[in-house]
Amino acid sequence: VKPMNSERKIREWNWVKTRDEMVRKLGSGEIAYMHMDDMDEEGLGQFEQGWKAGKYKNGLILDVRYNGGGFTNYFVIDKLERELTFGTKTREFVPMRFPMAVTNGKMVSIINEFTGSDGELYTDHFKAHKLGKVVGHRTWGGLIGIINSIPTVDGGIAVQPNVGFYDFKGKWVVENWGAVADPGLDVDILPSQGLKGEDPQLKKAIEVLTEEIRKNPPSMPGPPAFPIKTPQQMPSYPVDKK
């Protein structure tokens with residue numbers, strides 16, 4: 001037996017698995033769940049896996065609690081903001097969507113005080129595009145980015161935070177304040193609840209999506225009748241004699 005040097009990843013996988021099971025049960029199979037560890041290679045892979053599995057559900061929960069940040073939040077937003085534009089149809093199959101990698105389901109993001117950096121920027125980006133509601137607790141407020149690092153002789157690095165973000169209303173975003181939940185959706189998890197495995201933030205996200213789906217269920221219009229294309233039956237069109 002080769003023991004692991006840390007049990008952190010196993011505990012994290014179990015936490016994500018139990019959240020997913022909770023969503024499947026309480027969301028009646030209508031809601032997909034995905035958790036992103038960071039906004040880097042690992043988190044982007046987790047998003048792609050969850051996106052491919054859940055983009056056709058009526059609701060999506062994007063969980064960025066404990067997200068360590070990175071630089072890829074705009075890859076995620078790019079996919080979330082795509083709009084269903086056309087349907088495609090063959091005679092034998094049910095209608096499909098165009099573009100194919102698109103959802104018209106309702107969306108909710110979940111944050112907490114351990115969501116940091118690009119995870120926080122993702123949250124404000126999500127809100128700026130009005131992609132859905134944000135549930136949870138205010139993030140810790142550390143967003144000054146780093147675009148350079150200097151190696152040191154002992155193998156370490158020296159970094160200088162130097163990139164801030166501002167909106168076009170004259171305000172700096174996130175730094176020293178954090179990303180916040182929508183009004184009425186600020187939900188904390190008490191230590192006693194966490195020890196019992198309870199997750200009131202996730203439950204609130206499920207409640208919000210369930211209610212939105214009930215009020216305005218996502219749908220895609222069906223196709224019109226197939227066009228007539230035989231020469232004898234095709235309608236005649238006026239000929240431009242010029």
Side-chain angles (χ1 to χ4, degrees), residues 4 6-40 42-43 46-47 50 54 57-70 73 76 80 105-128 130-143 173-215:
M4 301 178 68
S6 171
E7 63 183 20
R8 176 182 172 275
K9 185 57 69 174
I10 292 177
R11 289 186 177 275
E12 180 186 321
W13 286 337
N14 183 67
W15 184 83
V16 173
K17 181 175 182 291
T18 54
R19 303 311 95 170
D20 182 66
E21 291 172 349
M22 191 181 302
V23 171
R24 290 173 185 269
K25 180 180 179 180
L26 299 179
S28 303
E30 287 190 292
I31 301 172
Y33 171 83
M34 62 191 81
H35 179 264
M36 289 172 274
D37 285 349
D38 56 32
M39 289 297 172
D40 212 319
E42 184 171 1
Q46 292 165 339
F47 168 75
K57 295 284 189 179
N58 287 333
L60 287 85
I61 294 176
L62 298 112
D63 192 346
V64 292
R65 293 177 292 180
Y66 308 100
N67 186 290
N73 93 77
V76 175
L80 297 183
K106 311 298 182 180
M107 292 184 278
V108 165
S109 285
I110 314 179
I111 57 174
N112 68 3
E113 62 273 26
F114 299 106
T115 303
S117 192
D118 202 46
E120 299 177 273
L121 186 59
Y122 154 82
T123 304
D124 269 23
H125 202 167
F126 184 87
K127 293 173 73 172
K130 297 180 173 58
L131 296 175
K133 300 289 182 60
V134 175
V135 173
H137 204 54
R138 180 164 63 90
T139 64
W140 68 271
L143 185 57
V173 299
V174 174
E175 184 67 17
N176 292 328
W177 177 250
V180 298
D182 286 309
L185 299 181
D186 190 302
V187 181
D188 202 358
I189 299 179
L190 300 176
S192 58
Q193 294 172 316
L195 289 171
K196 295 176 184 177
E198 298 175 2
D199 195 334
Q201 293 173 337
L202 183 61
K203 286 186 177 180
K204 175 57 72 173
I206 296 170
E207 289 174 10
V208 168
L209 279 180
T210 301
E211 180 64 14
E212 289 190 354
I213 292 169
R214 184 189 67 80
K215 288 183 177 179

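Computed from a predicted model, the values in this text were never measured in an experiment. The basis for the numbers below is simple: all heavy atoms, side chains too, and nothing from hydrogens, waters or symmetry mates.
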* Do NZ/NE/NH1/NH2 and the carboxylate oxygens of Asp63 and Arg19 come within less than 4.0 Å? -> no
* Asked: Is a donor on one side and an acceptor on the other found under 3.5 Å between the side chain of Asp182 and the backbone of Val134?
  -> yes
* Asked: For Lys127 and Val180, what are the C-alpha separation, side-chain angles and deciding distance, and is it a side-chain contact (heavy atoms from CB on, under 4.5 Å)?
  -> CA-CA 10 Å; Lys127 293 173 73 172; Val180 298; 3.6 Å; yes
* To do: Take atom NZ of Lys203 as the centre, draw a 6.0 Å sphere, and report whether it contains more than 12 heavy atoms from other residues, nucleotides or ligands.
  => no
* Asked: According to the side chain to side chain donor-acceptor pair (under 3.5 Å) rule, which pairs have a member within residues 132-141, sequence neighbours left out?
  -> Glu120-Thr139, Lys133-Glu212, His137-Asp186
* Structure fact -> Residues passing the ring-ring contact (aromatic ring centres under 6.0 Å, His included) test with Tyr66, sequence neighbours excluded, are Trp15, Phe114
* Could you state the interatomic distance from CD1 (Ile110) to OG1 (Thr123), rounded to the nearest 0.5 Å? -> 11.0 Å
* So, does Asp38 use its side chain to make a donor-acceptor pair with the main chain of Gly70 at under 3.5 Å? -> no
* Asked: Just by distance, do the side chain of Lys57 and the backbone of Gly29 share a donor-acceptor pair under 3.5 Å?
  -> yes
* Out of curiosity, Glu207 CD to Leu202 CG, how far, rounded to the nearest 0.5 Å? -> 10.0 Å
* side-chain contact (heavy atoms from CB on, under 4.5 Å) between Asn67 and Met39: does it pass, once the steps are laid out? -> CA-CA 7 Å; Asn67 186 290; Met39 289 297 172; 3.8 Å; yes
* Asked: Run the side-chain contact (heavy atoms from CB on, under 4.5 Å) check on Phe126 and Asn73 step by step: do they pass?
  -> CA-CA 9 Å; Phe126 184 87; Asn73 93 77; over 6 Å; no
* Structure fact -> When rounded to the nearest 0.5 Å, the distance separating OG1 of Thr18 from CG of Asp199 is 8.0 Å
* Step by step, would you call Leu80 with Tyr122 a side-chain contact (heavy atoms from CB on, under 4.5 Å)? -> CA-CA 11 Å; Leu80 297 183; Tyr122 154 82; 4.1 Å; yes
* Partner set under salt bridge (charged side-chain N to carboxylate O under 4.0 Å, His left out) for Asp118, not counting sequence neighbours -> none
* Asked: So, for Ser117 and Gly68, which heavy atoms are closest and what is the spacing to 0.1 Å?
  -> CB-O, 4.4 Å
* **Electrostatic pair Glu21-Lys17, nearest N-O below 4.0 angstrom** => yes
* Taking atom NZ of Lys130 as the centre, does the number of heavy atoms from other residues, nucleotides or ligands within less than 6.0 Å exceed 12? -> no
* Would you give the length of the straight line joining atom CG of Asp124 to atom CH2 of Trp177, rounded to the nearest 0.5 angstrom? => 12.0 Å
* Could you state the interatomic distance from CE (Met22) to CD (Glu198), rounded to the nearest 0.5 Å? -> 8.5 Å
* Only one of Ile61, Val76, Leu60 clears side chain to side chain contact (heavy atoms under 4.5 Å, CB included) with Met34; which? -> Leu60
* **Exam field: side chain His35 to backbone Arg65, donor-acceptor pair closer than 3.5 Å** => yes
* Asked: So, Gln201 side chain and Gly136 main chain: donor-acceptor pair closer than 3.5 Å or not?
  -> no
* Taking Thr115 for the side chain and Val64 for the main chain, is one N or O donor matched with an acceptor at less than 3.5 Å? -> yes
* Structure fact -> Rounded to the nearest 0.5 angstrom, the OG-NE2 distance for Ser109 and His125 is 12.0 Å
